[in-house]
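I have placed the structure first, in the form of structure tokens, so that the comments after it can refer back to it.
When a residue number appears, it is its place in the shown sequence, counting from 1. Heavy-atom basis, side chains included; hydrogens, waters and symmetry copies ignored.
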Amino acid sequence: MNHNEYLPFRSEIKEVMKHTDIEYTFRMAYEGDVKPGQFFEVSIPKFGEAPISVSGIREDSVDLTIRRVGTVTGEIFERYQGDSLFLRGPYGNGFDVENYRGKELLVIAGGTGLSPVKAVVDYFSDHIEETNGMTLVAGFKTPKDILFLEDFGKWKQAMEVILTVDCADDDTACQIGLVTQYIPGLKLKNKEETTAIVVGPPAMMRFTTQGLLDIGLKEENIWISHERKMCCGIGKCGHCKIDDTYVCLDGPVFPYTKGRKLLD
């Protein structure tokens, strides 16, 4: 799809999928190159726009998982299948599956951090033979906050899956605890060669990456995603700039060796 990167284009809502009371996935018509971890600017005239990560990739559409947290996203939730939204993008540096092909892959995601890495999980779930084994650790606050619950059954058939919540009722089927407490017990074949992706709230990523380093993973084999104050998406407004780095252009996906240095 050829278009001016400064101008939004109209995209039809092909499907709307509810996950929680405040988190829906909008399947948007789109044909073109896009990588997991990239994002689109989603807009509604008179209301503004918001950066939303790609959570799924198909030949004729992309999935955008959106949390209702403000004016723009609130208005998006008033749209339904057959309606349209305006998109700009895709923008940013995403996850390149070539970095993980043929290797053992560990994905650790916290909360909505599962959204930008979901397309990677989907890809290798369908092509598990292209890895040397894969483990997914996903953590949420409560069972009611779990995203993509219907996908976990499929993923469990292809890889080791640890689904955990911070707290739950006695009858929950989930494990309980923070994702970091499961790191020491991970059954990895060769920790020095294992590749890892960590996405979630800043504190979660900080303690998780430290936990991975403590068990023997190498810094250069870890990738993270910084989604910090991105606004224009094209490096013009400067809201996401840290030192000489524009998160919307140079990221939001970074190798940990670079991403760990991006401090306010």
Side-chain angles (χ1 to χ4, degrees), residues 1-97 112-123 126 147-148 150-151 199 225-241 246-253:
M1 182 179 294
N2 295 320
H3 53 80
N4 187 326
E5 67 174 1
Y6 291 90
L7 298 177
F9 55 91
R10 186 186 295 272
S11 175
E12 180 185 353
I13 301 173
K14 303 184 71 172
E15 188 177 353
V16 179
M17 294 156 279
K18 179 179 179 180
H19 304 298
T20 72
D21 290 341
I22 61 170
E23 288 151 326
Y24 289 15
T25 289
F26 290 75
R27 182 158 291 164
M28 307 302 302
Y30 180 78
E31 295 182 9
D33 294 333
V34 60
K35 285 184 177 182
Q38 288 189 301
F39 65 96
F40 284 84
E41 293 283 354
V42 182
S43 63
I44 298 177
K46 299 183 180 180
F47 290 93
E49 64 180 5
I52 305 295
S53 296
V54 172
S55 60
I57 302 171
R58 298 184 174 215
E59 288 187 3
D60 60 351
S61 65
V62 292
D63 290 350
L64 304 177
T65 301
I66 301 174
R67 170 178 280 187
R68 186 172 188 165
V69 293
T71 302
V72 179
T73 53
E75 189 63 27
I76 291 172
F77 270 48
E78 298 300 319
R79 269 56 180 178
Y80 302 94
Q81 183 174 342
D83 290 340
S84 296
L85 298 171
F86 286 91
L87 307 180
R88 287 194 294 119
Y91 295 131
N93 175 43
F95 295 104
D96 189 340
V97 297
T112 56
L114 182 57
S115 296
V117 77
K118 177 178 179 289
V120 175
V121 179
D122 283 336
Y123 178 83
D126 293 334
L147 300 179
F148 316 117
E150 64 281 3
D151 293 294
V199 188
S225 180
H226 272 292
E227 297 190 14
R228 175 193 181 274
K229 301 178 182 177
M230 294 186 295
C231 188
C232 71
I234 51 179
K236 300 299 183 183
C237 71
H239 281 80
C240 68
K241 189 171 184 285
Y246 290 88
V247 173
C248 68
L249 293 179
D250 303 310
V253 174

Check: If we only count heavy atoms from C-beta on, is the Tyr123 to Pro36 side-chain gap below 4.5 Å?
Finding: no

Would a distance-only check, ignoring hydrogens and angles, find a side-chain to backbone donor-acceptor pair under 3.5 Å from Gln81 to Lys14? yes

Separation between CD (Glu41) and CG (Leu87), nearest 0.5 Å, reads 10.0 Å

Closest non-hydrogen atoms of Cys237 and Cys232, given as atom of the first, atom of the second and distance, are N-SG, 3.4 Å

Can you find a pair of side-chain heavy atoms, one from Leu147 and one from Thr112, that are under 4.5 Å apart?
yes

Residues at least two apart in sequence or cross-chain that pass side chain to side chain contact (heavy atoms under 4.5 Å, CB included) with Thr65, listed by chain then number, are His19, Thr25, Ser55, Ser115, Phe148

To the nearest 0.5 Å, atom CD1 of Ile52 lies from atom OG1 of Thr73 at 7.0 Å

Looking only at heavy atoms, the pair that brings Pro8 and Ser43 closest together is CB-OG, 4.1 Å

Correct closest heavy-atom pair for Pro116 and Val199 would be CG-CG1, 3.7 Å

The salt bridge (charged side-chain N to carboxylate O under 4.0 Å, His left out) partners of Asp126 (sequence neighbours excluded) come to Lys154

Val54 and Lys35 have their tightest heavy-atom pair at CB-O, 4.5 Å

To the nearest 0.5 Å, atom OH of Tyr91 lies from atom CG of Leu249 at 10.0 Å

Note: Gly37 and Phe95 closest approach over all heavy atoms is CA-CD1, 3.8 Å

For this session: Just say parallel, tilted or perpendicular for the rings of Phe26 and Phe77, cut-offs at 30° and 60°.
Result: tilted

In this structure, CE of Met28 is separated from CZ of Arg10 (nearest 0.5 Å) by 10.5 Å

Taken to the nearest 0.5 Å, the spacing of Phe39 CZ from Asn93 CG works out to 10.5 Å

CZ of Arg88 to CZ of Phe9, rounded to nearest 0.5 Å, is 10.5 Å

Across all chains, not counting sequence neighbours, the side chain to side chain contact (heavy atoms under 4.5 Å, CB included) partners of Ile44 are Phe47, Glu75, Ile76, Arg79, Leu85

Tyr30 and Pro90 have their tightest heavy-atom pair at OH-CD, 3.1 Å

ask   = Are the side chain of Asp60 and the backbone of Glu31 linked by a donor-acceptor contact shorter than 3.5 Å?
value = no

Residues passing the salt bridge (charged side-chain N to carboxylate O under 4.0 Å, His left out) test with Arg27, sequence neighbours excluded, are Glu15, Asp63

Taken in chain and number order and not counting sequence neighbours, the residues that satisfy salt bridge (charged side-chain N to carboxylate O under 4.0 Å, His left out) with Lys18 are Asp21

Salt bridge (charged side-chain N to carboxylate O under 4.0 Å, His left out) filter on Arg58, not counting sequence neighbours, yields none

